[in-house]
Amino acid sequence: MRLHKVYHRFSLLSLSSPTSLPLLHHSPRPLSSSFLSIKPHRSLPIPRHSRTTVKSIKSMTTSRLHHIVPINAVAAEDGGGTGSNGALSSSSSSPPAATSDEDSESLVGYRLPPSELIDIVDAPPLPALSFSPQRDKILFLKRRSLPSLSELARPEEKLAGVRIDGKANTRSRMSFYTGIGIHRLLDDGILGPETEVHGLPDGAKINFVTWSNDGKHLSFSVRRDEEDNNISSKLTVWVAEIETGYASPLFQSPDIYLNAVFDNFVWVDNSTLLVCTIPLSRGDPPKKPLVPSGPKIQSNEQKNVVQARTFQDLLKDEYDEDLFEYYATSQLVLASLDGTVNPVGPRAIYTSMDPSPDEKYLLISTIHRPYSFIVPCGRFPKKIDVWTTDGKFVRELCNLPLAEDIPIAFNSVRKGMRSINWRADKPSTLYWVETQDGGDAKVEVSPRDIIYTQPAEPLEGEQPRVLHKLDLRYGGISWADDSLALVYESWYKTRRIRTWVMSPESEDVKPRILFDRSSEDVYSDPGNTGSKERIWESDKEKYFETVVALMSDENEGDIDINQLKILTSKESKTENTQYYMQSWPEKKTCQLTNFPHPYPQLASLQKEMIRYERKDGVQLTATLYLPPGYDPTRDGPLPCLVWSYPGEFKSKDAAGQVRGSPNEFAGIGPTSALLWLARRHIPSLVFVCLNSYLADISVLSGILSAINLPLSFFSFIIESSSADIMVLSEILVLLLPVLAGLVHLSRVKVAHPNKIAIGGHSYGAFMTANLLAHAPHLFSCGIARSGAYNRTLTPFGFQNEERTLWEATNTYVEMSPFISANKIKKPILLIHGEEDNNSGTLTMQSDRFFNALKGHGALCRLVILPYESHGYAARESIMHVLWETDRWLQRYCVSNTSDASAELDASKDNVSKGSTDSDSKAVGATGGGVLEMTDLEHGRFQPLQRSSLW
């Protein structure tokens, strides 16, 4: 048996929806990923083509490859409060004083939670892992715990949707590695002794670790904190020899620094790097004029239709334009390991540099003026050229204009050439996609996308060749050879995804559909097709095992089954993830890692995947976590914390499918709700994760009857324009699965009915506020972090709502808990980062919601975290969030003595007298389940969250 080698060239940026497409990568090798990390949250990498490295992306994902993380630096701004894709290190400077005093009203400053929570959060993080291109060596990239607030407090420039550390000339808030250990993977499948990378300056902060293609060298950046004011130095490029571990600067001159605002450096061949450097003669940053030259003017006298979401950190004036250009402009330099340095090309804002597989050409992307004040830099005019690898211009592929007018409808894209890449099966052949619908997903046209291919240097008169035409939106290509390639397309509105088999160089062979399925249907296994032979099977009864990467693809050509090596992962409810090497034909299994349990005090926590049926027959699932040693007979019902991020499905069957495994290890992030399982000296809490489904109106009465809510409460429901059946408003979509889950918990006598708290982050915070407004009798209190509560402040769409405020006014109004602030009577804790740059969750959302609540006498508390963004990163901030949450739960959940049944009667009375106009009708929103931000302009893909517990 021989296995085809498939090269992945998957452009996530071509997708504008969180469909569950196959996990593919920008790499000339068929690797699942070279970079692994044992982390409690899920992360999706996007490796760059012809570089064994991974660029950062901020997201949480449904992918099972959750231990594969970007090895490059990332900002600590991930949603869900998990920190960053690699914990930032604590600063050596003294943090603000913190106290654990219980009296919150009389003291100010940062507070500390109980020691049980501190011990878990401060536990040393496990290293990230990186395999060499030849799969014969592995890096252990060492990390520290959370950063101090002083690191986040460093000055930063907010320009064109990018936050820049001006002193270091890189993205601000970057994580880093503190050391690199090199291990050889021995023939018997075990790891050899560690070789430490040495020669680095004391306190070196390491970023952008990249293997050379021959696996003999590592390149990476180094920075240090300067002694004055804890300011980070500029980045320098270093190279380490793999055999000895010795590292030295790439540039002999101490005046050459890395510009890492966009792309940074790439191996052109095994001895040469192309580096974005800070121009030597650029001078000081432009100074903001004390007196403006004139008013700030924006004009639309051409009557163009320009709709954009509420992007943050945009350019504001000419000074911002000049400052952005100052920091983002680079001089490209070719630097050899022998010390030779040659500047190439003009100064420009280089956003990507991509060598061809044969290392003869470069694909160079730049952005240029005119800039925009209403969209981020990803939509600025973009020029893409082909150069030779010695820096000589070959030709211009395209010069795309400013793209302010991309429609807000999902699957809408930029006009012109996009997803331009090298074919991994050819030495130097390009391919790209062009839309046929003007980029507007609302336009019905066939085909919708066309894929073209052309040599890097075409012959005179040689036109691009059509590879394939697609009726859905292009989603990527996996290349094998002249006779085989897999093409992916998808359409978010219908959740449809298709995979085509095509023969790239055989026009006589027509493409055929391999898979045509729903992205929500996790049971339609794409592997069940054609002839197959089972070569490995996981132990599903006790463990959760999965294939992580192919390890026998170091050579070109087909892979023989008798030389097959596969990296797998293995975990259980109580055992941390470990990695194993599986080899054939002997079918030998060797354990590579032996990571300790990250929080042994919770090693015996109880985890159960529960299934329950809603009144309308929809099967739902939830994950139930119980504290170590809990005995329902002895301990009785416990206080319950329901922490959820809403997920929505198009069909009843999809909503009822089980996602994940009951045997997965319970990862706990620094602000996870699971932390409270460690509070042994108080009644412990129960945690539930829930999915939702748009219900048919015909069964609405039965559902509401089961959860003791009158149908008249949701009198504004009408037929949705986005579905073929009568559907509920999004508020009900948020309510039903949570309420059905609570009914189930009450039946199994696990949750105390008077002590149920509800909480969530981002869209989960929006859910929390709505539940407290519309089902207050079910909850004792709520915790809402970094949410959006007034949808009129995001008038051109939010979450997965494609319609504007003016097209669906009632939906925007009725769904806004801000409008229902007068109905919220239960205690609610609001937490928000002061520097939230998420497009849907401005900090003023919490400010104004708190004022509305306070204006109606609600029991509420607002906590604004200085310097924090959408997710929280600094140790002081995280500890304070835990202290606030613990205090809230103690006061208003654990100690609650109110009677839920008595409150139900009052709730029904309020509903019957409510302000909802029975003639006012709202159309149900269509989406959910992705992060508040759908920001493809930043190069970030936000897929559906599998769970928001981490």
Nearest atoms (heavy-atom pairs only) where [X] meets [Y]:
X    : Y    : value
Y327 : E157 : CE1-CG, 3.9 Å
L152 : P147 : CD1-CG, 4.2 Å
L314 : P376 : CD2-N, 3.6 Å
P401 : R414 : O-NH2, 2.8 Å

Residues R154, E156; criterion salt bridge (charged side-chain N to carboxylate O under 4.0 Å, His left out); working and verdict: CA-CA 6 Å; R154 291 171 178 167; E156 62 181 358; over 6 Å; no
With sequence neighbours excluded, what pairs up with S293 under the side-chain hydrogen bond (donor to acceptor under 3.5 Å, both in side chains) test? none
Are [X] and [Y] close enough for a salt bridge, meaning some N to O gap below 4.0 Å?
X    : Y    : result
D225 : K205 : yes
R111 : E884 : no
D322 : R369 : yes
R395 : D385 : no
E318 : K296 : no
D440 : K415 : no

Within the structure provided, determine whether [X] and [Y] are in side-chain contact (heavy-atom separation under 4.5 Å).
X    : Y    : answer
V881 : R785 : yes
N259 : Y350 : no
F796 : W806 : yes
F849 : P817 : yes
L793 : F798 : no
R173 : R163 : yes
D354 : L362 : no
Y812 : L805 : yes

Please report the C-alpha distance between K288 and D317 in whole Å, then the side-chain angles of each, then the deciding distance to 0.1 Å, and finally whether the salt bridge (charged side-chain N to carboxylate O under 4.0 Å, His left out) criterion is met. CA-CA 10 Å; K288 189 176 183 65; D317 50 32; 3.4 Å; yes
Evaluate side-chain hydrogen bond (donor to acceptor under 3.5 Å, both in side chains) for D847 paired with H832, printing each intermediate quantity in order. CA-CA 9 Å; D847 284 326; H832 216 118; over 6 Å; no
Counting only N and O atoms by type, is there a donor-acceptor contact under 3.5 Å from the side chain of [X] to the main-chain atoms of [Y]?
X    : Y    : answer
T841 : G787 : no
N837 : Q312 : no
S253 : D255 : yes

What distance do [X] atom [atom1] and [Y] atom [atom2] have between them, rounded to the nearest 0.5 Å?
X    : Y    : atom1 : atom2 : result
L315 : Y371 : CG    : OH    : 8.5 Å
D320 : E325 : CG    : CD    : 12.5 Å
S846 : E834 : OG    : CD    : 12.0 Å
I408 : Q307 : CD1   : CD    : 4.5 Å
M353 : I364 : CE    : CD1   : 6.5 Å
F220 : Y177 : CZ    : OH    : 13.0 Å

Test H870 against D836 for side-chain hydrogen bond (donor to acceptor under 3.5 Å, both in side chains), laying out the working first. CA-CA 5 Å; H870 190 56; D836 194 334; 3.1 Å; yes
Please determine which of V222, I256, L250 meets the side-chain contact (heavy atoms from CB on, under 4.5 Å) test together with T236. V222
Under 6.0 Å between ring centres, would you say that holds for Y872 and H880? no
Can you confirm if the NZ or CZ of R171 lies within 45° of the ring axis of F262 and under 6.0 Å from the centre of its six-membered ring? yes
Axial cation check for F766 ring with R791, 6.0 Å and 45° limits: yes
Atom [atom1] of [X]: over 12 foreign heavy atoms under 6.0 Å:
X    : atom1 : result
E301 : CD    : no
Y867 : OH    : no
Q252 : CD    : no

Go through it in stages, so that I can follow the logic: the residues are L397 and V386, the test is side chain to side chain contact (heavy atoms under 4.5 Å, CB included), and I'd like the CA-CA distance, side-chain angles, deciding distance and then a yes or no. CA-CA 7 Å; L397 291 178; V386 176; 3.9 Å; yes
What side-chain donor-acceptor pairs closer than 3.5 Å can you find for residues 275-286, not counting sequence neighbours?
{"residue": "T277", "atom": "OG1", "partner": "Q331", "partner atom": "O", "Å": "2.7"}
{"residue": "S281", "atom": "OG", "partner": "R347", "partner atom": "NH2", "Å": "2.6"}
{"residue": "R282", "atom": "NE", "partner": "Y326", "partner atom": "OH", "Å": "3.2"}
{"residue": "R282", "atom": "NH1", "partner": "N169", "partner atom": "OD1", "Å": "2.8"}
{"residue": "R282", "atom": "NH1", "partner": "Y326", "partner atom": "O", "Å": "3.2"}
{"residue": "R282", "atom": "NH2", "partner": "N169", "partner atom": "OD1", "Å": "2.6"}

Could you tell me whether the side chains of N790 and T792 share a donor-acceptor contact shorter than 3.5 Å? yes
Check: N207/R223 side-chain N/O donor and acceptor closer than 3.5 Å: yes
